[in-house]
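Each residue takes its place number in the sequence, starting with 1. From a predicted model like this one, the values you see are computed outputs, not experimental measurements.
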Amino acid sequence: EIADGRVAALRGTGGTVTLGPGDAVVMALPAWAAGDLLPGLAVPDAFAPILNLHYRQDVPPAVPFIGLIGGAAEWVFVKPGHVSVTVSAARALIEAPADALAARIWPEVCAALGLGAAPLPAFRVVKEKRATIEASAAQEARRPGPRTAIANLVLAGDWTATGLPGTIEGAIRSGQRAAALLQHPDR
């Protein structure tokens, strides 16, 4: 609920929270949700998928992670009891069945970790179709800063204008900028 150019109350399934004069809101939602809640806010509207595969496999952790080139897998992370793989901008793979993806990428993991032809272990495939904003000039132009037209409402998220791609580091930077803006609204 907006009153006098400020968020006066937040309504949700658990009820309503009334905000006091010194209260503020950091809206840290996906771009599409923020755009739905704030009509007129230009937000990124094209996204890239990320694929994560997790294999149950004990591997001596010679290194915590490895970057790969020349295959589908990009990053292999070694943790006690499992190995995780990340594939960014996975448009070509995202619609493939999970079992086919796991079988396709497992040999790359084996080669990277020196496992020979180890049999395919138990696995889990996680597909996030809108994991990050598309890296393009058009989407960059749609990334808003933290300030909104509502005095006590700021935005945070890796999809905001951070000077970084849509990454964890970008999300952290956006949170820091939102907090700084709330502490010093005149900036």
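- Between L101 and L93 there is a side-chain heavy-atom pair separated by less than 4.5 Å.
- Checked against a 6.0 Å centroid threshold, the rings of W32 and F47 count as neighbours.
- Put simply, the side chain of D36 never gets that close to the backbone of A33: no donor and acceptor are under 3.5 Å apart.
- Q139 and D45 share a side-chain donor-acceptor pair at under 3.5 Å.
- A salt bridge links E134 and R91; the closest N-O separation between the charged side-chain nitrogens and carboxylate oxygens is under 4.0 Å.
- Going from atom OG1 of T160 over to atom CZ of R173 covers 10.5 Å, rounded to the nearest 0.5 Å.
- Under the 3.5 Å distance criterion, the side-chain polar atoms of R142 are matched with a main-chain donor or acceptor of V43.
- No side-chain heavy atom of I50 sits under 4.5 Å from any side-chain heavy atom of V87.
- The shortest distance between side-chain heavy atoms of M27 and L38 falls below 4.5 Å.
- Of all heavy-atom pairs spanning P39 and L37, the tightest one is CD-O, 3.3 Å.
- Atom CD of E140 sits about 6.0 Å away from atom CD1 of I133, to the nearest 0.5 Å.
- A donor-acceptor pair under 3.5 Å is absent between the side-chain atoms of R130 and the main chain of A46, judged by distance alone.
- The closest side-chain heavy-atom distance from W106 to L115 is below 4.5 Å.
- Atom CG of L153 is separated from atom CG of L181 by 10.0 Å, given to the nearest 0.5 angstrom.
- Looking at F77 and V83, their side chains never come closer than 4.5 Å, going by heavy atoms from C-beta outward.
- E74 and S88 form a side-chain donor-acceptor contact under 3.5 Å, judged by distance and modelled atom types alone.
- In plain terms, the two heavy atoms of W159 and L29 that are nearest each other are NE1-O, 2.7 Å.
- When the side chains of ILVMFWY residues are joined at heavy-atom separations under 4.5 Å, either directly or via intervening members, V109 and L68 end up in a single hydrophobic cluster.
- Between T148 atom OG1 and L41 atom CG the span is 8.5 Å, to the nearest 0.5 Å.
- Considering CG of D158 and CZ of R143, their distance stands at 7.0 Å, rounded to 0.5 Å.
- Looking only at distances, no side-chain donor or acceptor of Q57 sits under 3.5 Å from a matching main-chain atom of G81.
- Using a distance-only test at 3.5 Å, with no hydrogens or angles considered, a donor-acceptor pair links the side chain of K127 to the main chain of I94.
- In the hydrophobic clustering of this structure, V78 groups with V63; members are Ile, Leu, Val, Met, Phe, Trp, Tyr whose side-chain heavy atoms approach within less than 4.5 Å, directly or through other members.
- In this structure, G157 and S174 approach most closely via the heavy-atom pair N-OG, 2.8 Å.
- Judged by distance alone, with hydrogens and angles left aside, the side-chain atoms of N152 form a donor-acceptor pair with the main-chain N or O of D23 at under 3.5 Å.
- The heavy-atom pair separating F123 from A98 by the smallest distance is CE1-O, 3.9 Å.
- Judged by distance alone, with hydrogens and angles left aside, the side-chain atoms of T132 form a donor-acceptor pair with the main-chain N or O of G166 at under 3.5 Å.
- For the pair N52 and V125, the minimum side-chain heavy-atom distance is 4.5 Å or more.
- Of all heavy-atom pairs spanning P146 and A178, the tightest one is CB-CA, 4.2 Å.
- Note that the CG atom of L53 and the CD1 atom of I105 stand 4.5 Å from one another [nearest 0.5 Å].
- The backbone N or O of V85 lies less than 3.5 Å from no partner atom in the side chain of Y55, so there is not a single donor-acceptor pair.
- Closest approach of L155 to P144, counting heavy atoms only: CD1-CG, 3.8 Å.
- Within the 4.5 Å cutoff, the side chain of I150 has heavy atoms near those of the I2 side chain.
- Other residues, nucleotides and ligands contribute over 12 non-hydrogen atoms within 6.0 Å of the CZ atom of R6.
- Using a 4.5 Å cut-off on side-chain heavy atoms (C-beta onward), V76 and L113 make contact.
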